[in-house]
Amino acid sequence: MEIRSLLSSILIGAVASARSMTPMATIATARLAGRDTTGDIFLLNRPVFKYGALAMGVGELFGDKMKSAPDRTVALGLLARVMSAGIAGAALAPKGREKAGAAVAVATAVPLAYATLACRKQAMARMGQTRSGLIEDALVVAASTAIVALSTRNQPGE
């Protein structure tokens, strides 16, 4: 298996480790902007999915700064990462390699969730929850945007 062909899937899994909904929101934004993914994922053509992913992505960015926000490694947080990384990893994988893309994205997202949580806790101790969260948001959104922009193409006829 050529691992380089799955690099975008691995990288989007890394994004999902820090923000579970950002990969889906970024892909939804790209689809709404007329960009197409290489992986054949039927969900990406559904308006309810696109707008729902955007809403969840924005909601997560706000919710993460709340004192009551759970750690990303709680069961529901990991489940969200598995689902988001799997769908996004499949979408960014080469056509016909969607299952492999999903698998490598999930295999990246879950263990890195523990590492990114440890880094975030260190940052929170130094600069507080809100400031560290905003910095993490900026890094994660920029990374996700770059990965998706480099991994998608204009839809035919656009």
Side-chain angles (χ1 to χ4, degrees), residues 3-4 6-39 41 43-44 47-93 101-102 104-155:
I3 197 71
R4 287 189 327 184
L6 298 173
L7 183 59
S8 294
S9 299
I10 293 167
L11 293 173
I12 207 69
V15 167
S17 75
R19 291 289 180 277
S20 60
M21 295 297 118
T22 298
M24 300 309 307
T26 309
I27 289 174
T29 301
R31 294 296 295 227
L32 288 167
R35 309 233 356 124
D36 201 4
T37 57
T38 50
I41 307 297
L43 282 175
L44 299 175
V48 70
F49 171 81
K50 291 180 213 177
Y51 292 108
L54 280 173
M56 291 186 343
V58 170
E60 181 183 38
L61 294 177
F62 284 106
D64 178 66
K65 311 318 167 287
M66 297 172 61
K67 298 275 186 224
S68 61
D71 285 347
R72 61 193 72 181
T73 57
V74 300
L76 284 176
L78 289 175
L79 178 61
R81 279 160 179 71
V82 166
M83 293 183 341
S84 178
I87 293 169
L92 297 182
V104 298
V106 169
T108 302
V110 173
L112 273 183
Y114 291 90
T116 59
L117 177 61
C119 292
R120 174 69 185 278
K121 284 183 175 183
Q122 287 178 352
M124 284 172 54
R126 289 190 193 126
M127 63 183 81
Q129 184 170 1
T130 301
R131 184 190 283 173
S132 65
L134 291 172
I135 291 169
E136 188 177 37
D137 286 347
L139 294 171
V140 168
V141 170
S144 187
T145 300
I147 294 161
V148 171
L150 292 171
S151 305
T152 59
R153 61 190 184 279
N154 286 332
Q155 290 180 0

CD on E136 to OG1 on T116, rounded to 0.5 Å = 6.0 Å
Please report the shortest heavy-atom distance between A93 and L6, naming the atom on each side.
-> CB-CD2, 4.0 Å
Residues which pass side-chain hydrogen bond (donor to acceptor under 3.5 Å, both in side chains) with T29, listed by chain and number, not counting sequence neighbours | none
How far apart are the C-alpha atoms of I135 and L139, what are their side-chain angles, what is the distance that settles it, and do they pass the side-chain contact (heavy atoms from CB on, under 4.5 Å) test?
-> CA-CA 6 Å; I135 291 169; L139 294 171; 4.2 Å; yes
Can you check whether S20's main-chain N or O pairs, donor with acceptor, with S84's side chain at less than 3.5 Å?
-> yes
State, to 0.1 Å, how close G86 and A102 come at their nearest heavy-atom pair, and which atoms those are.
-> O-CB, 3.3 Å
How far apart are the C-alpha atoms of M24 and M83, what are their side-chain angles, what is the distance that settles it, and do they pass the side-chain contact (heavy atoms from CB on, under 4.5 Å) test?
-> CA-CA 10 Å; M24 300 309 307; M83 293 183 341; over 6 Å; no
Q129 backbone acceptor or donor facing R120 side chain under 3.5 Å = yes
Taking all atoms of both residues into account, what is the closest heavy-atom pair of R19 and G133, and its distance?
-> NH2-O, 3.5 Å
Which pair of non-hydrogen atoms, one from I27 and one from A91, has the smallest distance, and what is that distance?
-> CD1-CB, 4.1 Å
In sequence, state the C-alpha distance, the side-chain angles, and the governing distance for Y114 and L78, and then conclude on side-chain contact (heavy atoms from CB on, under 4.5 Å).
-> CA-CA 10 Å; Y114 291 90; L78 289 175; 3.4 Å; yes
Contact summary for S9 and A105, nearest pair of heavy atoms | O-CB, 3.3 Å
Side-chain donor-acceptor pairs under 3.5 Å in residues 140-150, sequence neighbours left out?
from : atom 1 : to   : atom 2 : distance (Å)
S144 : OG     : T26  : OG1    : 2.8
T145 : OG1    : V141 : O      : 2.7

Could you state the interatomic distance from CG (D36) to CZ (R31), rounded to the nearest 0.5 Å?
-> 4.5 Å
Sorted by chain and residue number, the side-chain hydrogen bond (donor to acceptor under 3.5 Å, both in side chains) partners of T108 (sequence neighbours excluded) come out as none
Can you tell me how far the CE atom of M56 sits from the CE atom of M21, to the nearest 0.5 Å?
-> 4.5 Å
Examine distances only and state if a side-chain atom of T37 and a backbone atom of L92 form a donor-acceptor pair shorter than 3.5 Å.
-> no
Flag for R81-S17: side-chain donor and acceptor within less than 3.5 Å = no
